[in-house]
Every structure is written in C-alpha cells, then in structure tokens.
Undergrad: 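Dropping the structure in here first, questions after.
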Amino acid sequence: MQNKRTVFVCQGTGCLSTGSGAVYEALKAEVAKLGLTDVEVDFTGCHGFCEQGGIVAVEPEGIFYTHVTIDDVPEIVGSHLKGGNPVERLFYRDPATGRAVPRYHEINFYKKQQRVILRNCGRINPEKIDQYISKGGYRALKKALLEMTPEQVIEEVKRSGLRGRGGAGFPTGRKWEFSRNAQADRKYVICNADEGDPGAFMDRSVLEADPHAVIEGLITAGYATGANAGYIYVRAEYPLAVKRIRIALEHARERGFLGRDILGSGFDFEVYIKEGAGAFVCGEETALIASIEGRRGMPRPRPPYPAQSGLQGKPTTINNVKTLASVPPIIEQGADWFSTIGTPKSKGTTVLALSGKILNSGLVEVPMGTPLSTIIFDIGGGIPGGKRLKAVQTGGPSGGCIPAKIPDTPVDYETLTMVGSIMGSGGMVVMDEDTCMVEVARYFLSFTQAESCGKCAPCRLGTRQMLEILARITQGKAQESDLDTLFTIAKTVKECSLCGLGQTCPNPVLSTLRYFKSEYEAHINKKRCPANQCRFLRRKTGKKT
Amino acid sequence: MQPITITLNGREVVGEPGMTILELARREGVHIPTLCHGPHLTSVGDCPSISTCRICLVEDERTGAMVTACGTFIVPGMVINTHSPRVLERRRTLIELVLASHPDSCLICDKGNRCQLRQIAAELGIGLVRLQKIPQPVTIKDANPFIKRDLSKCILCAKCIRVCQDLVVEGAIDYFQRGFIAKPATFGDTALEESECTFCGTCVSVCPTGALTEAEPAYTGTAGTVVRSTCPFCGCGCSIRLEVHEGRIVRSAPNKQDPVSRGTLCVKGSFGFDFVHSPDRLTAPLIKVNGDFKEASWEEAVTAVTDGFRRLKEEYGSGSLAVFGSSKCTNEENYLLQRFARCVLGTNNIDNGSRLYGTAGLTGPGETGGVYGTTNSLAVLEEAEVILVIGADPTKSAPLVGYAVKRAVRCGNARLILIDPRESRLALFADLWLRPKVATDLTLVNGLCKAVIDESLINEGSVDRETAEFKAFVESLSGLTSTVVEETTGVPFVSVRQAARMYGSAKRAAILYGSGVAQQKNGTGTIEALFNLALLTGKIHGYSGIYALQQENNAQGACDMGVLPDFLPGYHPVADRASRRKFKDYWGDIPEEPGLTVFEMLAAAKSGEIKGMYVVGENPVATFPRAEFVREALSSLEFLVVQDMFLTETAKLADVVLPAASFAEKEGTFTSFDGRINWLRKALEPLGQSLPDCEIIARLAVQMGSPMAYSSPQEVREEIEKLIPMYRGIGYGLLEEPEYPTEYSGLAKTPPMYRKQPERAFSLLPARNGILWLEPDKEYPFILLTGSSLYDSGGGTRSSRAARLGRFSSGASVSINETDAGRLGVIDGEKVRIVSPAGEISAAAEITDALPEGLLYLPFSLSANPVSQLFDITLDPERKSPLVKAVKVRMERVGNSG
C-alpha cells in the first residue's frame with residue numbers, strides 16, 4: 001500500500017479562471033467513484049505559475065500537472081492515482097529544451113526562487129488553519145507574545161533589516177518603533193492590501209493562498225506597537241481574498257489567536273476588514289486612512305505621519321501584505337537568518353509579477369539583489385520568438401524602464417531608484433525589440449493620469465499635459481520643443497506633487513527620455529516609430545509578423 | 001521651547017517650534033506666494049496646511065527636496081531657498097500648468113485685479129503660456145441671486161470646500177469626480193439652490209480666482225476703500241470688511257483676522273447691506289402737518305420735537321413720556337438715549353427692542369437680583385465636551401453660533417444634546433435628541449435636575465448639600481417623578497437620564513438657549529432651571545457656560561447700557577439709591593421709580609397715561625403682536641417722535657420723523673451676545689440730511705436745555721468705561737478698536753475685546769412648577785411654532801430692503817407633518833389659512849417629516865408673512881415679554897372654506 005497522497009487543485013484566481021473549480025469537484029467525484037481511500041483531494045491558493053493553470057499537484061511525490069481541464073480528470077485519477085502512472089502529457093515542458101519536467105522542484109521557474117513570503121502558497125489549503133499550523137504557523141506569534149517583550153520584537157525586526165514591501169522600502173522595525181513610542185489611548189495597525197497596479201497580483205495571491213501568514217504578522221505588529229485593533233484594507237475587487245481572510249479570521253478567533261487575552265498573554269487584538277472601492281490612490285497610506293474613516297480617499301501631506309497621527313488621529317502603523325507575511329519567519333527563525341538573504345541594504349526576498357514578453361510569466365520570489373538577467377533568463381526562460389530584450393519596466397505603472405544594456409542591474413531599492421525606476425509593488429514587465437518606448441510611457445501615464453485624485457495641481461494638471469504631449473508624439477504631431485516641455489513638466493510633477501502617485505508617475509516618461517531619447521526624436525523629427533508600433537506612423541512595408 | 005535656527009536664503013533666522021517655513025518667512029519679510037493657504041483653514045489630520053496648490057514649494061538644500069512652505073515645520077539646521085532658480089522654474093511651470101487650463105478672460109472677469117492667480121503670474125513674469133490650452137468644460141445651472149460659479153476658472157485650491165466643510169460645516173460642496181475633471185460641486189452636481197447651501201458667501205470670500213463671485217455684483221471693479229466694521233444683523237457680532245466705491249458699499253466680505261468669526265459670515269452679512277442704499281431711505285426730517293408729512297430742516301424738526309416733549313412734561317409731568325430704544329443702535333447711542341430719557345425727559349420709562357424676544361429679561365427674579373445671560377465667550381463654546389441646545393436653532397437665528405456648535409461636534413470633541421420638538425438642522429449633529437411636547441421645557445429641565453441629583457452627578461465644589469437652599473431645592477423637586485416628567489413632556493425618562501449623565505459627567509459643558517425658551521410662558525422658570533442645572537453640576541464658569549442667544553445685533557449692549565426701565569447702566573437697579581448716586585455726579589438727578597416696559601407703555605398710551613413717546617430704530621407696529629392694538633395705542637399719543645432710517649409703519653404714525661444714519665455711516669460699538677465688543681467704523685457719509693443717532697440725541701438735549709457735553713462717541717466711551725464696571729479696564733475708552741496684531745501666521749494672537757461679566761452670585765432657586773398653558777382643542781387642533789428665518793432679520797425693516805434677501809425669502813411657508821396634511825387633504829405648496837384665537841394669516845403649506853403630528857411651523861419672517869398677527873399680547877408676568885413662540889391654531893384649505 002502506498003502512503004496517503006493528497007491531490008492539491010489550485011483554487012487561486014488565475015487557475016479558477018481556467019475552470020479549476022470544476023476540476024476540483026470532478027476530481028473529488030472521480031476519486032470517490034473509484035473508492036480510492038488513500039487519496040485526499042484538497043485545494044490550495046496560487047502557485048504563482050498562473051500561465052500554466054489549471055495547476056494540479058500531487059503530494060508528497062511533487063508531481064506538477066499543468067493546463068489541467070475537466071477532461072483530464074479521469075486520466076489523472078485512473079492512470080496516476082489508481083494505476084501509479086503519472087500522466088506525462090500534462091507535465092510542464094521546458095520552453096527551451098521542450099523536455100517534460102514532472103516535478104515541482106525540478107522546474108527552472110521554481111528552482112531559482114527562494115520562497116519566504118510565498119512559503120505556503122500552493123502548499124496548503126488556505127481555508128484550513130490546521131494546515132497553516134502544521135507548516136509552523138502561529139509559532140512565531142506564540143514566541144512573540146509569550147517569550148518576547150514588544151521592544152524585543154521590534155528589535156528583532158529592526159535587526160532583520162526588513163523594509164516595507166509596498167514600494168517605498170521604509171525600515172519596518174523603525175516604523176513600528178515610532179508607533180510604539182507615540183503616546184495615545186488607542187493605536188491601530190493596518191494591513192495595506194489595496195493592490196492596484198495593473199498586472200500585479202502578489203498581495204492577492206498571498207491573501208488567497210496564505211491568509212494566516214498576514215494575520216499572524218498583523219497581530220505581531222499590533223503587539224509590538226501597542227495596538228489592539230487592526231484593519232485589513234483590501235480591494236472589493238478581490239472577493240476571493242476577502243472571503244479567505246474572513247474564514248481565516250474566524251478560525252484564528254476560534255483558536256484563541258485573536259480576541260481577548262490571546263494565548264493567555266494578556267494581549268487583546270481584533271482585526272476588521274475594510275473593503276476599498278477601487279481608487280488606485282487609496283493605496284497611498286493617508287488616502288487609505290481617509291477611506292477607512294469614511295471620507296473621500298485622498299492623500300494629505302505628511303508629516304504628520306500616520307505613526308504620529310493616523311486613523312482617527314491615533315498612531316497608526318501601515319504595512320503591506322508581503323511585509324507582514326515576512327514577519328513570522330523573522331520572529332521564528334531570527335533576524336540573523338533573515339539578514340543573510342539579500343544585499344547589505346535590502347534584506348530578504350522580493351516578490352515580482354513577471355509579465356510581458358517573457359516565456360515563464362508568473363509570480364517570482366527571489367532574494368533582494370538578484371540580477372535582472374537571472375530573473376529574466378533563468379527563471380523567466382527568456383524572450384519568446386528569439387527576440388532581443390529591449391527594456392524591463394519595474395515597479396508598476398509608476399516605475400521606470402531599465403534598458404537592456406544594463407541587464408545585470410540587481411533588483412533592490414537603491415539600485416532601482418538609481419537607474420530611474422522603483423521597486424514599487426514588484427511589477428516587472430519585460431519588453432522586446434518590438435516595443436515602442438514612447439507608447440510604453442504614454443500607456444503607463446494614461447493609467448496614472450486617470451487615477452490621479454485631482455487634489456494637487458502638478459499631478460492633476462501635469463499628468464494631463466504630459467499625456468497630451470505623448471499622444472502628439474505617437475501621432476507624429478509633436479514639435480521638437482515638446483520634448484523640453486515634457487521633460488520640464490515631468491520634473492515638476494515628480495518633485496512637486498503631494499503624494500507618491502504624483503511623485504513617481506513621471507518615471508516611465510523620465511526613464512524613457514533618459515535611455516531612449518532617440519526614439520522620441522525619431523517620432524518627432526522623422527515622423528517614424530522605430531519599433532513600428534505607433535498606428536499613425538506605421539510603415540507600409542516591413543510589417544510586423 | 002528652544003528657538004530654532006534655520007538658514008533662509010543664505011541668512012540665519014530664528015523661529016519657534018511649531019512654526020512653518022511660510023510663517024517664519026513671512027515674519028522675516030520673505031514673500032512666498034500661496035493659493036490654497038489661508039487663515040483658519042487647516043487640512044485634516046493635524047497637517048498645518050492642505051498643501052495642494054504647491055506654489056509655495058521651496059528647496060531644502062540639505063536633502064535637495066522640494067517641500068511646501070505652508071506645510072513644513074521648521075527644524076534646526078534647515079537650509080531653505082525660497083527663490084533659487086530651481087524653485088522659480090518649478091513655480092513658473094506650476095502656474096503655467098494652471099493657466100493652461102484657465103480661460104484667458106481676465107479683461108472681463110469680475111475678480112479683476114483681486115485675482116491671486118493673476119497676481120502670482122505677474123510676480124513670476126509669466127506672460128503667454130506655451131502649453132496647450134486644455135479648458136475645463138463646465139455647465140452650471142445656478143439661479144440664486146447670491147453666488148455665481150464659473151468653474152472653468154477653478155484651480156481646485158479647495159478653499160471653498162474646506163470653509164464649507166470645516167468652518168461653516170454645511171457640507172454643501174465637496175470634491176466631485178477625480179483627476180483633471182475634479183471640481184468642487186454639490187451632491188449630485190446640482191444647482192446650489194437645490195443643495196444644503198445657505199449662501200453664507202464664505203466660499204466667495206476665499207476664492208482666489210473668479211470661479212466664485214457675487215451673482216449680482218454692485219460693481220465689478222476693485223473697490224478703492226475697505227473699511228472694517230461689524231455686521232448689524234444678529235447678535236453674533238461678526239466683523240466685516242465693507243468695500244466702498246464712490247460712496248456706495250459695493251461688497252461685503254468677512255474679516256479673516258477675526259479670531260472668533262474665523263472669516264465666516266452668513267447670507268445676511270455677505271449679501272444684505274444694500275438696504276443702506278435703498279431708495280426708501282429717509283433723507284430729511286419730516287414733520288406732520290395736517291396729516292401729511294412735510295420735509296423740514298433739522299432746526300425745525302429739533303424744535304418741534306423739543307417743544308412737543310417740553311409741553312407734555314410741563315403739562316402732565318415726566319411720567320407721561322416714554323422712550324423705546326433700539327437693540328440695533330450702538331452702545332454709545334443707547335447710553336446717550338437712556339441718559340436723555342432719565343435726565344432730560346426725566347423718566348425711567350425706557351425700554352429696548354429685545355423685550356420682544358424675552359431677552360431684555362436678562363434680569364432675573366426680583367428676590368435674587370441676579371443677571372442672567374451668557375456667562376462665557378463663544379470661543380470657549382467650541383471647547384465643550386457636551387453642548388445642550390434648548391429652544392434655539394442657531395443655524396438660523398445666530399449662524400455664527402450655529403457654525404461653532406457644528407464645528408465643536410464635527411471637528412472637536414463635543415457631543416450635542418438637542419432639545420427641540422422640531423427637527424432643526426442641528427438634529428443631524430445631535431448625539432441625543434429629545435423631542436418634548438411644545439411648552440413643556442420647564443418640566444423637562446427640572447427633570448434633568450432631578451436626574452442629576454438621583455444619579456449623584458452633583459459637583460460638590462459648586463453645591464453644598466447641607467445648605468437650606470439646597471434642601472429647599474430638593475424639596476421643590478419632590479413632586480416631580482419620572483412618570484410626571486414622561487407624561488408631561490412625552491420624553492422617555494431614560495432619555496432624560498441619559499442627557500443628565502452626558503451633561504453632568506462632562507468636564508466642560510455648555511448650555512445654549514434662545515427665544516424658544518424666553519418667549520414662552522414658563523420662560524423665567526426654565527431659564528432659572530437651566531442655571532440650576534449648571535450650578536448643580538458646576539458648569540457655569542471656566543470652560544463651561546450658559547449661552548443666551550440674542551436676536552439683535554446690540555440687544556446685549558442696549559441692556560448693558562441701561563436702556564431698561566428698572567436698571568441703570570451696568571445693571572444697577574434704578575430703585576437703589578446708591579446706584580443712582582453713582583450716576584448722579586455725572587448726569588444730575590435721576591428719577592427714582594422704575595419705569596414701564598414697552599408693552600406697558602403701549603397699554604398706558606392706550607389708556608392715556610402716556611402722552612408722548614420717542615421711538616428710536618424700532619418698528620413695533622410691524623413686529624409686535626396685534627398690530628391694530630399697537631397702532632391704536634401709538635395713535636392715541638399726543639405726540640410721537642420716530643427716529644429711523646425708513647418711513648416704517650410706525651414712523652407713518654409719528655408727528656415728527658427724524659432720519660437716522662445707517663450702521664455704515666457712523667462709528668461706535670456693538671456688544672455681541674457673548675460680551676464681545678465690536679467696533680463700527682464710518683464707511684460712508686450719512687445719506688442726505690440723515691444723522692447718526694448719537695448726534696440727533698445730542699441735538700435734542702441741547703435744545704431741551706440740558707446739553708450732554710460729549711464731543712464724540714469716544715468721550716461717551718470714556719464715561720461708560722468710568723461708570724460701568726463691566727466695561728472698565730479693557731481698553732474700551734479708546735478712540736477706536738485696537739488693531740488685532742497681525743502675527744506671522746495671519747491670525748490674531750490676542751483675543752478680541754470682551755466686556756467683563758457682570759457681577760452676580762448664582763444660587764439654586766426652588767424649581768417652579770410648569771404651567772400647562774398651551775393645549776390644542778377641538779377648535780384649534782394644532783400648535784404652531786415660530787422660529788427664525790435665515791434670510792430675515794427681526795422685523796425685516798432692513799433685510800426686506802436688501803433686494804436679494806427679500807427676493808429669496810419671499811414665500812415663507814407653513815410646515816406640516818405628512819399625516820396631518822393627508823388628514824386635511826392639504827397638498828404640498830397649496831395655499832392655506834392659519835387661524836388662531838387672535839387672528840389669521842395665509843401661507844403656502846410645505847409637507848415635511850421634520851415635525852411630529854399636531855405641530856405646525858412658520859418662521860418669523862415678517863417681511864414675507866405677518867406671523868405676529870396670530871398672537872395676542874400676553875406677557876410673561878415677570879419679564880413682561882410677549883409669549884410669541886407658540887400658539888394654538890387650525891389650518892384651513894383656502895379652496896374649501898371659500
């Protein structure tokens with residue numbers, strides 16, 4: 001008799017859209033029909049390799065099926081689970097070699113990753129707290145609450161070098177310390193899950209696949225800062241995440257990880273969910289607070305920082321989903337362990353949403369400082385169709401474009417800022433030689449322009465003017481002086497805007513002006529789009545295949 | 001507090017902690033342009049400023065960052081450049097961006113040279129904008145006569161939004177849409193008339209561009225002269241800036257330096273001063289000859305007046321004369337008037353217009369001699385943790401107080417207890433809203449006192465339980481059980497207890513009452529009960545207080561100045577020899593007997609005991625109940641002199657009419673309801689031959705042979721300062737108002753001038769039993785409540801002559817509950833007749849859910865509807881004020897009854 005096996009069907013949003021919900025039901029029915037008592041059918045959250053969905057994994061063997069549809073179910077059950085012969089045609093195929101790779105850990109996409117934040121994603125059922133606990137969950141909380149003082153927790157986090165994963169990279173321990181030191185009758189901690197960058201889904205995946213990790217981090221943050229209430233501000237467009245958080249909170253409460261006198265420590269903590277209504281700017285912390293308070297989600301100037309005066313005017317700590325998910329491993333395994341990962345200034349790992357002209361798109365977690373080339377070529381499998389890499393845009397719509405000529409750029413906060421981009425939320429769009437960089441700038445700006453709240457003048461007016469100029473350029477209607485104007489306005493918007501949205505939204509423009517100025521000039525002077533992408537300037541011959 | 005040294009444009013300068021770069025730069029004479037910054041405007045969340053226009057950006061050399069000067073506190077070692085090439089380039093780009101989306105219509109824009117955007121563009125040397133023009137498409141359908149919006153000129157500084165939300169707390173406008181097309185708009189982007197807007201005009205006064213302007217401007221240019229003065233409408237005492245062009249007031253704006261009004265006004269203060277230029281103004285004295293008025297010279301008029309009074313005095317004695325003074329005139333005028341009455345005419349028959357509102361009875365019951373009234377300043381009201389509002393709708397009758405209450409609740413830490421049968425605007429802000437039956441306030445407040453005692457919420461420091469006084473008080477409440485309170489008032493006793501707990505356990509609590517209490521039969525008892533409640537819980541002084549609203553701009557001052565039959569200036573009882581002696585040295589003999597109140601005067605006129613009357617700035621025929629009686633009484637006089645700006649219904653009955661100057665044509669002071677002394681400055685020359693009241697009274701005195709030797713209002717002030725302790729030692733005797741020192745932040749650092757509180761010893765008075773005096777019956781099944789209208793003031797003598805106010809307030813309607821309306825078959829907007837035992841009027845019906853069944857509501861907007869005709873003259877026996885708050889009525893459909 002074989003050991004008991006579990007078939008995990010991915011029920012992340014990506015796989016669900018391929019029909020994995022039906023696959024899950026069918027597998028259960030099929031297994032029951034055949035009376036396989038040694039097989040349990042369960043589900044997980046996102047594996048990160050969404051392009052290959054629906055994904056079905058069989059543990060503990062580690063067999064990894066891709067593109068599974070309901071029609072494949074009888075064969076998986078009959079041939080593999082009953083007969084012991086894995087279905088090779090459903091294995092992942094290495095795009096470079098064309099070889100079938102049966103097991104999870106043998107796939108290049110996963111092999112080069114180091115999963116700290118995504119540690120449980122795709123490995124446990126997010127709706128079963130016992131599975132989280134069996135992976136070591138809530139041990140860190142017990143340790144923090146029962147063996148450490150709040151100051152020790154903060155010290156540990158400070159020593160770990162953890163920085164905010166929301167994009168700005170502020171040291172998390174110091175943020176906690178500000179709030180800890182603030183005198184107030186009430187304090188709050190907030191988990192910022194208002195992930196709004198187009199194409200970014202790392203926070204969503206974590207919440208859908210491992211909600212307890214975030215909740216455990218949030219409770220720990222509450223303990224460290226002296227807050228007794230926490231909010232999870234999550235987009236209403238993430239109904240599955242909301243549902244799983246809700247279930248997780250209920251389970252955590254049942255087990256005594258939430259509520260009064262948690263684990264007998266005397267510490268009380270409660271978590272509330274606030275669903276955002278879809279404004280991109282609400283990811284900005286002061287706008288987020290305004291939104292929770294029931295006001296229009298608009299940023300306000302800082303200081304005072306939320307750590308001094310935040311929700312309801314009380315000291316408030318706001319951490320990103322990934323930051324909070326990083327906390328339990330730090331507490332459990334120690335700052336020393338964590339700080340061995342990454343670079344001297346940027347510790348730990350980062351989660352990237354790899355997309356664009358790349359073979360393996362999906363969620364990727366790598367140590368900070370991993371060179372772009374490793375991510376693109378080793379993990380991402382390179383550019384399809386033998387095209388050349390042109391640029392990589394990082395950090396979401398407010399990020400800059402890094403040219404292919406600096407492929408070894410390490411992905412960390414300082415370096416990305418230096419080359420004119422940002423870490424941001426972790427978006428990473430790969431562009432090949434067929435990409436028009438002016439159009440890229442126009443495209444990203446059209447997003448931020450539409451999402452500008454309108455409160456401050458440079459962002460409200462400047463983004464609109466820039467967009468007009470970029471449109472003129474891509475239509476071949478621009479003059480040479482427009483480039484200067486574009487640059488001046490971009491600098492003004494960047495330096496003068498009130499919040500992070502305005503301060504970063506010119507990045508696609510400024511970085512493409514910096515690295516791809518000749519493309520702009522070609523559009524203006526020669527009325528030609530070098531990538532032959534702009535509709536108004538498209539050449540009749542040499543049409544793209 | 002260590003001083004902070006920073007480097008500002010290469011120079012070391014020293015500031016204090018908590019100062020922004022902008023404040024320090026201004027103090028150092030460094031000009032940094034701003035658009036969205038302004039006094040009294042703060043952003044949410046403890047930021048020093050909203051920082052949205054970004055024009056004030058400066059460079060911090062150490063970090064290389066651009067920071068807003070308005071929103072950044074100074075820290076040691078900062079190196080700030082306010083005009084470096086980089087800063088200037090950014091600033092220029094910002095202004096160019098704004099101008100690119102702003103119409104090029106400066107030449108025809110009302111804002112003209114007052115446009116701050118234009119000024120800053122000029123400073124930065126920006127001419128033609130090289131950017132693409134991207135206009136803001138807007139359509140506005142406003143039709144009101146006050147505010148015009150042209151949002152194509154809006155730069156979204158959000159000042160209008162912030163004053164609407166954070167200062168006047170109406171919330172009529174907010175951001176609408178987002179990004180490039182974001183704009184300030186009403187809910188659903190409707191016309192202003194269809195929104196919560198009260199047309200206070202504060203937004204117009206803060207708009208830096210021509211986006212918000214006056215809808216029907218008297219003059220679109222820049223006024224040559226700006227004169228600071230005080231609004232003459234209600235008792236709030238808001239300071240205003242009158243813009244004068246060629247002898248006309250062309251604009252009125254709030255005074256942003258005023259730390260109490262905080263740069264707000266209401267619709268009357270912003271748009272109501274055209275009465276000054278009304279064609280109805282009297283320009284010459286009038287003498288009635290054979291029933292017709294003939295214009296006369298001042299000499300003739302003064303002679304006619306003095307001859308008339310002298311003859312009556314000689315023939316019938318001083319007691320046959322009476323003076324009715326005005327709660328709208330200045331303190332100096334009122335002081336002179338009562339001296340004229342007492343020492344020239346020789347009578348204590350003098351009273352003032354606030355008698356109608358029951359607040360001339362700031363005077364308490366005889367046995368204690370206490371002086372009731374406001375015990376603290378309006379500025380302190382906002383510090384309260386609990387505010388109890390009873391018998392008042394300050395959002396209508398005293399807008400500035402309304403703003404303060406709403407701010408305290410919305411932006412401060414206050415909780416509001418509202419006692420009102422009707423759902424007033426404040427109900428939205430109330431934490432606890434008690435809706436007693438009409439005319440049961442006394443029982444309710446006594447119930448609160450009872451609950452305070454039962455719940456042990458007594459402040460031991462303020463009340464000694466062992467005194468006979470306290471025991472008598474407790475004894476007086478013994479019959480008042482919770483059942484009695486519940487049955488009488490209709491308010492569940494649990495709510496009464498909850499209110500008592502809220503009020504009693506707060507550290508700082510305020511009570512605010514208005515004419516809703518004072519104009520009722522049990523008014524005196526209710527006011528006493530409110531003081532008892534405050535005294536029991538120790539909430540009269542410090543950060544607590546009692547606020548008695550005043551309807552008229554100088555009701556407080558007129559009473560302070562002794563325009564009362566029983567009190568000399570400063571509430572010295574006229575019957576008291578020592579008090580009289582104090583004034584005798586200055587004035588000569590003072591009659592000993594207290595005189596008649598105005599309603600007693602009228603009765604005495606009717607019966608022939610009063611033969612001659614001098615009415616200054618009041619129009620009793622229009623404002624008092626039973627116009628016919630008042631008319632008859634005044635007509636029975638042998639000699640009537642009326643001094644007014646207009647030929648009012650009362651003036652038409654006079655033998656001599658003396659033309660008075662308006663508030664804008666004279667100097668003097670008003671005392672607000674909370675004791676703030678506000679200065680009037682002369683903005684215009686008196687119209688025609690009209691004269692300031694002071695001058696007229698002085699001329700009369702000279703002609704009567706008892707000259708009062710004052711050469712100017714200042715000399716009057718000096719004497720007031722000497723003789724009235726409340727006005728002593730506060731700088732009152734000065735030539736004119738001391739300038740508020742304009743500190744670096746643009747805010748006054750010294751408080752405004754307050755007169756001192758009168759000396760008074762409060763003690764617990766036995767609770768009185770409420771008298772059930774108003775019950776509907778078969779014939780009159782409804783109770784009609786009256787109240788104030790925002791667009792009218794008092795009798796409407798002035799407000800009805802302010803063209804826009806008159807137009808906007810016309811058609812005041814009677815509100816009725818939906819169920820009642822259904823029962824009567826009355827539809828919304830239908831014309832109905834209201835009949836009371838005393839009279840009847842007609843009005844349009846308005847169906848509302850703000851009223852309980854059995855209650856009607858009709859605001860006291862006399863210009864539109866003579867509500868007073870529904871009332872008889874029934875006086876409160878102690879305060880001698882008429883009971884004109886509520887009356888039983890029936891409603892008839894005009895169509896049905898023919």
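From a predicted model like this one, the values you see are computed outputs, not experimental measurements. In the text below, chain A, chain B and the rest are named by the order of the sequence lines, each starting its count at 1.
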Undergrad: Please determine whether a side-chain nitrogen of the Lys or Arg among A:Glu495 and B:Arg86 lies less than 4.0 Å from a carboxylate oxygen of the Asp or Glu.
TA: yes
Undergrad: What are the two closest heavy atoms between B:Phe180 and A:Gln449, and how far apart are they?
TA: CB-NE2, 4.0 Å
Undergrad: With respect to A:Pro301, which candidate in B:Pro48, B:Ser51, B:Ser49 satisfies the side-chain contact (heavy atoms from CB on, under 4.5 Å) definition?
TA: B:Ser51
Undergrad: Quick one: SG on B:Cys36 to NZ on A:Lys455, what's the gap to the nearest 0.5 Å?
TA: 9.5 Å
Undergrad: Check whether A:Thr286 gets within reach of chain B through its side chain, its backbone, both or neither, counting any heavy atom under 4.5 Å.
TA: neither
Undergrad: Can you check whether anything in residues 53-68 of chain B gets within less than 4.5 Å of chain A, heavy-atom wise, and list it by number?
TA: B:Cys53, B:Arg54, B:Leu57, B:Met66
Undergrad: Evaluate the criterion side-chain contact (heavy atoms from CB on, under 4.5 Å) for residue pair B:Arg90 and A:Lys491; output intermediate values, then yes/no.
TA: CA-CA 8 Å; B:Arg90 296 288 177 270; A:Lys491 288 293 274 186; 3.8 Å; yes
Undergrad: Within a 6.0 Å radius of atom NZ on A:Lys345, are there more than 12 heavy atoms belonging to other residues, nucleotides or ligands?
TA: no
Undergrad: Closest approach of B:Leu156 and A:Gly454, non-hydrogen atoms and distance?
TA: CD2-O, 2.9 Å
Undergrad: Donor-acceptor pair, distance only, cut-off 3.5 Å: does the side chain of A:Arg296 make one with the backbone of B:Asp174?
TA: no
Undergrad: Provide the closest heavy-atom pair for B:Ile50 versus A:Leu498 in the form atom of the first, atom of the second, distance.
TA: O-CD1, 3.7 Å
Undergrad: Which distance, rounded to the nearest 0.5 Å, do you find between the CZ of A:Arg464 and the OG of B:Ser101?
TA: 7.5 Å
Undergrad: Measuring from B:Thr72:OG1 to A:Arg302:CZ, what's the distance to the nearest 0.5 Å?
TA: 12.5 Å
Undergrad: Return the option, out of A:Ser497, A:Cys459, A:Gly313, with the maximum number of heavy-atom pairs under 4.5 Å with chain B.
TA: A:Ser497
Undergrad: side-chain contact (heavy atoms from CB on, under 4.5 Å) with A:Tyr413: which residues, sequence neighbours excluded?
TA: A:Arg163, A:Arg165, A:Ser346, A:Met368, A:Met423
Undergrad: Which pair of heavy atoms, one from B:Ala182 and one from A:Cys453, lies closest together, and at what distance?
TA: CB-O, 4.1 Å
Undergrad: Identify which part of B:Arg130 has an atom lying under 4.5 Å from any heavy atom of chain A, answering side chain, backbone, both or neither.
TA: side chain
Undergrad: Counting C-beta onward and ignoring hydrogens, is there a side-chain heavy-atom pair between B:Leu131 and A:Ile489 closer than 4.5 Å?
TA: yes
Undergrad: Is A:Tyr443 atom OH crowded by more than 12 heavy atoms from other residues, nucleotides or ligands, each under 6.0 Å away?
TA: no
Undergrad: Report which part of B:Glu96 has an atom under 4.5 Å of a heavy atom belonging to chain A: side chain, backbone, both, or neither.
TA: neither
Undergrad: With a cut-off of 6.0 Å (strictly less than), are more than 12 heavy atoms of other residues, nucleotides or ligands near CG of B:Asn413?
TA: no
Undergrad: Could you tell me the separation between the CD1 atom of B:Ile181 and the CZ atom of A:Arg460, rounded to the nearest 0.5 Å?
TA: 12.0 Å
Undergrad: Check whether any side-chain N or O of B:Arg178 sits under 3.5 Å from a backbone N or O of A:Ala450 as a donor-acceptor pair, and report yes or no.
TA: yes
Undergrad: A quick test of your reading: do over 12 heavy atoms of other residues, nucleotides or ligands sit less than 6.0 Å from NZ of B:Lys507?
TA: no
Undergrad: Looking only at heavy atoms and a cut-off of under 4.5 Å, which of A:Thr488, A:Leu461, A:Asp482 has the most pairs with chain B?
TA: A:Leu461
Undergrad: Under a 4.5 Å heavy-atom cutoff, which of A:Ile289, A:Val281, A:Thr485, A:Thr492 has the most pairs with chain B?
TA: A:Thr492
Undergrad: Please check if atom CZ in A:Phe487 has more than 12 non-hydrogen atoms from other residues, nucleotides or ligands closer than 6.0 Å.
TA: no
Undergrad: Using modelled atom types and a 3.5 Å cut-off, is there a donor and acceptor pairing between side-chain atoms of A:Gln465 and backbone atoms of B:Gln132?
TA: yes
